[in-house]
Amino acid sequence: MESILIIEDEIDIANLVGFNFERNGYSVDIAHDGREGLEKILKNQPDLVILDLMLPEIDGYKILKKMQRDTRSHSIPVIMLTAKSQIDDRLKGLELGADDYITKPFSPKELILRAQAILKRNRVTPVAEDFLLGPFRFDKNALAFFVHDQPLSLSLIEFKLFLFLCQRAGQSQDRNNLLKVVWGYSDEIHSRTLDTHMKRLRKKLGKEGSFIETIRGIGYRVRQPE
Amino acid sequence: MTYFAFSCVIVLAYLLVRSNKRQQGAESELGRLRKKSLLDARNQDKSHNRDLQQLLDALPQAFFSITKEGVVNRINSQAGRIFDGRDILNKNIDQVFLDSAMRSLLLKKLSKLKPARKILRFPPNSIFSSNTHDKDSHWEIEIYPLSLLSKNSEIQLMMRDITASVHSDQVRKDFVANASHELRTPLSVISGYLEHLTEEGGLDQREPAQKMLGTMDRHVVRINRIVDDMLLISKLESDDFVPLNLAPFCIATCVRDVIERLELVIKKQKSTIEMEVAEFQLIGDQFYWTQILFNLVENALKQNPSIPLQIRIHAELDRDDNFKIHIADNGIGIPATDLPFIFKRFYRVEKHHSQTQVKGTGLGLSIVKRAVEAHGGTITATSTPGIETIFTIAIPKSHDE
């Protein structure tokens, strides 16, 4: 049974979301503030986190940041649940590594559908075989990348983007394609965060970052090594 | 308004050109009018100039006329006020307007001689900042070129401080954003459970359905209170003047009324309210006083849902008829860092593990503050978390008369 952690300070909202997930066959845990939420993420490593942004103690953005930095949590998908409807807030959350967002008032049914889509995508990702590409090595058992045999710490989104591009080295990939691979669909808000994720990925590759090339007007490409 | 300003400028421009023309042609005119007395002509010119200056001074805007060389050659009294008496007449704009955005705008318009209307923002420490606030100030800048006489081309600059209206616009926007934010949570709960209940078979199991309806009901009540509070605060903030229904009333009755309304909550939390209020009359609006006391007592109870709280209400009327009332409790209190902000709309003190089932509206304390101020009084709060938190309202005598 897949486990869902709901971090939400409004008790009635948390119960409403919990009720709907339980009804759809998930095991549910609830945290009512940021600190408790972060502890439960790191300790229990749920399959999916539903995260409110405005939380007491530690707010949702900080939780996202901390999740990215920790190897125990950086690959756990997150859906932001927030009353904020300003596009900037959603952008910020997506750039910090959230997978999706839903704004209050929301339809629980829609939330469940989005959660199911994310969980399904996560299950089918690791179909890649081990490979070597220039300075990069992919290890399918460790589900990790190495640069000059040093392990790379990538977020789930960065990982997916890099794997997809490496498997198609030398070919330009258009933005829509990349968006669909990572988030399952493409909309304007997600599109605006793509460049941020690519920039961060490039930075993590250090001096080998130049392997990722921006193809103006199209998207991105990982260069074939000579 | 703009049309009015513009027509004013046209008239002024005409007068100014005439006066300039007069000044320039004064000598030749004198020649022609040799027969007339010298004094006579001068007097006429002077009186004309005075008329013009009076007209300019009557303008609500600050007015500057600037020659094509960039010299300020005429200002009105508003302009003088902005510069706080600093002598700016016959000075170059480089020395007068130190703000670079302002200067470049003027230089551009001087070279092109085109009318312009712009809103500029100045930092708090600039000369244009109104001294009443430490925020940026906003000014409406209007520039009209005056080139009716080609050789005497100059521009007229008018400035108006619109900081207050920009600020109130922002307050309104924030209010709408915050209010809709507050409404989203109860709406989510209601629509979320409705989605389930209206599904086929959603009502089959009676007990959970009943529970959901109960939760929905609580949030309907919450929406109601948010809407009520929003109306109340907008009434209290709509003008400088709040229409009060002033009449003598007994404050002790008011307190008893509030305690009665909150009786259920008080009992449930096993809290106690101690009341030291004599039976004296006060002149004020009883509706708002009930609201003030209700919000303060309810607030104290809501902040401390899980402890038996001791609340003490003490009111006194001193020999000079100054009224004071304290509402004190021994609850978790307010952290010092939050104290300065608690009367702000939608401000909430973050706390952990101490939530009531349904949050307040976020407007309670700002309503209290506004209502107290409408009565000419002040409210202050002090808090030693865990020991004592006191709200003190003081109404000086003068207003009660």
Side-chain angles (χ1 to χ4, degrees), chain A residues 6-24 28 30-40 50 52-60 62-63 79-90 101-115, chain B residues 173-174 176-202 204-205 207-209 211-223 226 303 305-306 332 335 338 346-360 362:
Chain A
I6 300 160
I7 311 178
E8 161 70 74
D9 62 329
E10 290 273 353
I11 294 166
D12 286 328
I13 299 257
N15 289 343
L16 169 69
V17 174
F19 165 77
N20 278 283
F21 273 106
E22 268 168 5
R23 225 158 54 93
N24 282 277
V28 170
I30 293 177
H32 289 299
D33 67 54
R35 193 174 306 278
E36 187 192 348
L38 196 60
E39 275 166 21
K40 284 189 170 168
I50 309 292
D52 186 18
L53 287 183
M54 285 175 65
L55 287 168
E57 300 285 314
I58 303 177
D59 73 27
K62 285 202 194 108
I63 291 185
I79 298 180
M80 296 181 280
L81 181 64
T82 172
K84 293 193 172 184
S85 50
Q86 300 256 304
I87 285 182
D88 286 351
D89 298 323
R90 283 180 252 163
Y101 63 86
I102 198 157
T103 50
K104 295 175 191 170
F106 59 96
S107 151
K109 241 187 246 162
E110 193 188 338
L111 174 61
I112 301 286
L113 286 175
R114 292 204 189 192
Chain B
K173 275 184 203 152
D174 290 350
V176 173
N178 279 325
S180 72
H181 177 107
E182 290 303 316
L183 288 169
R184 274 170 207 276
T185 297
L187 275 174
S188 295
V189 174
I190 295 166
S191 69
Y193 282 125
L194 259 183
E195 190 183 283
H196 172 74
L197 291 173
T198 51
E199 251 174 30
E200 218 184 283
D204 286 356
Q205 282 174 298
E207 208 174 310
K211 217 176 139 199
M212 285 174 205
L213 286 170
T215 309
M216 288 162 69
D217 184 55
R218 276 208 318 277
H219 285 270
V220 169
V221 171
R222 178 170 172 187
I223 290 178
I226 294 173
Q303 301 302 321
S306 45
I332 55 161
D338 290 302
F346 299 114
Y347 187 83
R348 282 211 173 95
V349 177
E350 269 188 11
K351 30 184 194 359
H352 46 119
H353 309 303
S354 61
Q355 254 142 10
T356 41
Q357 280 208 304
V358 175
K359 279 187 181 176

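Per chain, numbering begins at 1; letters A, B, ... match sequence-line order.
In this structure the side chain of A:Leu81 never reaches within 4.5 angstrom of the side chain of A:Ile7, judged on heavy atoms. At a threshold of 4.5 Å between non-hydrogen side-chain atoms, the residues A:Val28 and A:Phe19 do not count as touching. Annotation: side chain of B:Val189 is in contact with side chain of B:Thr215 (closest heavy-atom distance under 4.5 Å).
Here A:Lys104 does not pair with A:Glu10 in a salt bridge; the nearest charged N to carboxylate O distance is not below 4.0 Å.
Neither the backbone nor the side chain of A:Arg35 comes within contact range of chain B, judged by heavy atoms closer than 4.5 Å. Interface residue B:Thr185: backbone and side-chain heavy atoms are both found under 4.5 Å from chain A. Both the backbone and the side chain of A:Asn15 come within contact range of chain B, judged by heavy atoms closer than 4.5 Å.
The minimum heavy-atom distance between B:Gln303 and B:Ile332, with the atom names listed, is O-CD1, 3.5 Å.
Within residues 193-202 of chain B, the residues that have a heavy atom under 4.5 Å from a heavy atom of chain A are B:Tyr193, B:Glu195, B:His196, B:Glu199, listed by number.
A:Asp52 places no side-chain N or O within 3.5 Å of a backbone atom of A:Leu55 that could act as its donor or acceptor partner.
The side chain to side chain donor-acceptor pair (under 3.5 Å) search around A:Glu110 returns A:Arg114, not counting sequence neighbours.
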